[in-house]
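Have a look at the structure below, then the notes.
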Amino acid sequence: MRRILLVAALPVMMAMLGTAALAATDGPGQPGYGRGLAGDLCGDCHIVSPDQHYDGQIGPNLIERVREPEITELALRSYLQTTHPVMPNIMLTREQADDVIAYLLTFKGKPK
Ligand code: HEC
């Protein structure tokens, strides 16, 4: 019985190891997924990609903001988990938040 369970778990474990190796940042999220999510969920109000043009977005340019030292992974995470007067509460799953944050953090330290 125990042996059957182990065999069944092996592909799952290998898949997890594989995604961990692909992730570009130290955090748990996957920037590749985060890019699409950010465009869909945040792009109406924020600039979230270098090839996005200003089109009346009411929120700060997040590509620029993330280059500031105070915008850390923790800062982004707590911002997304708390309520704000202006920005609507967007309900992200833990995984979606991880991915969006990982994507945004790829712009840290990048030249403009
Ligand atoms: C409906 C518009 C809207 C959407 C959608 C939206 N935001 Fe915002 N966001 C705002 C506004 C407006 C502010 C500025 C809030 C303020 O000045 O108090 C803001 C502020 C922020 C800040 C703080 C930036 C700073 O300079 O400190 C972060 C981080 C942020 N948003 C992330 C996101 C992410 C990530 C998403 C997508 C999951 C998102 N927002 C979706 C409107 C939006």
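Note that ligands are numbered from 1 as they come in the structure, with each ligand's atoms numbered from 1 the same way.
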**Request:** Verify side-chain contact (heavy atoms from CB on, under 4.5 Å) between R77 and D98, making sure each step is shown before the conclusion.
**Result:** CA-CA 8 Å; R77 198 175 290 283; D98 287 346; 2.7 Å; yes
**Distance-only N or O hit between ligand 1 and Y79, under 3.5 Å** = no
**Prompt:** What's the spacing between M91 CE and L80 CG if we round to 0.5 Å?
**Reply:** 10.5 Å
**Prompt:** Can you tell me which residue and heavy atom of the protein come closest to atom 42 (C) of ligand 1, and the distance to 0.1 Å?
**Reply:** M87 CG, 3.4 Å
**Prompt:** With side chains defined as the heavy atoms from C-beta onward, is the minimum distance between I71 and R67 less than 4.5 Å?
**Reply:** no
**Prompt:** Of all the N, O or S atoms in H46, which one sits nearest to atom 8 (Fe) of ligand 1?
**Reply:** NE2
**Asked** What is the minimum heavy-atom distance between Q30 and D99, and which atoms define it?
**Response** N-OD1, 2.8 Å
**Per-atom contacts, ligand 1 versus L80 - under 4.0 Å to a heavy atom** = 34 (C), 35 (C)
**Stepwise side-chain contact (heavy atoms from CB on, under 4.5 Å) check, H46 with R65** = CA-CA 10 Å; H46 295 283; R65 283 295 287 149; over 6 Å; no
**Request:** For atom 41 (C) of ligand 1, find the nearest protein heavy atom and state the residue, atom name and distance (0.1 Å precision).
**Result:** I90 CD1, 3.1 Å
**Item:** atom 12 (C) of ligand 1: nearest protein contact (heavy atom, Å)
**Value:** V86 CG1, 3.3 Å
**Asked** Got the closest protein heavy atom to atom 25 (C) of ligand 1, with its distance?
**Response** R65 NE, 3.3 Å
**Asked** Is any side-chain heavy atom of S49 less than 4.5 Å from a side-chain heavy atom of Y103?
**Response** yes
**Request:** Would you mind listing which atoms of ligand 1 come within a distance below 4.0 Å of any non-hydrogen atom of L41?
**Result:** 5 (C), 37 (C), 41 (C)
**Asked** Which atoms of ligand 1 have any heavy atom of L76 under 4.0 Å away?
**Response** 29 (C)
**Fill in**
closest protein heavy atom to atom 14 (C) of ligand 1 is P60 CD, 3.6 Å
**Prompt:** V48 versus L41: any side-chain heavy-atom pair under 4.5 Å?
**Reply:** no
**Request:** Start with the C-alpha distance between E64 and I47, add both sets of side-chain angles, then the distance that settles side-chain contact (heavy atoms from CB on, under 4.5 Å), and finish with yes or no.
**Result:** CA-CA 9 Å; E64 303 272 307; I47 300 278; over 6 Å; no
**Prompt:** Tell me, which protein residue and heavy-atom name are nearest atom 11 (C) of ligand 1, and how many Å apart are they?
**Reply:** G59 CA, 3.8 Å
**Prompt:** Which atoms from ligand 1 have a heavy atom of V100 less than 4.0 Å away?
**Reply:** 35 (C)
**Request:** Take L105 and L76, measure what side-chain contact (heavy atoms from CB on, under 4.5 Å) needs, and give me the verdict at the end.
**Result:** CA-CA 9 Å; L105 289 175; L76 288 170; 4.0 Å; yes
**Atom indices of ligand 1, in the order listed, that fall short of 4.0 Å to a heavy atom of C42** = 34 (C), 35 (C), 36 (C), 37 (C), 38 (C), 39 (C), 41 (C)
**Prompt:** Should V100 and Y33 be counted in the same cluster of Ile, Leu, Val, Met, Phe, Trp and Tyr side chains packed under 4.5 Å apart?
**Reply:** no
**Fill in**
Looking only at protein heavy atoms, what sits closest to atom 1 (C) of ligand 1 is C45 SG, 2.7 Å
**Request:** Output yes when a protein non-hydrogen atom is found under 4.0 Å of atom 17 (O) of ligand 1, and no otherwise.
**Result:** no
**Prompt:** If you measure from each non-hydrogen atom of P88 to ligand 1, which part falls under 4.0 Å: side chain, backbone, both or neither?
**Reply:** side chain
**Message:** Please work out, at 4.0 Å between heavy atoms, whether the side chain, the backbone, both, or neither of L62 comes within that distance of ligand 1.
**Reply:** side chain
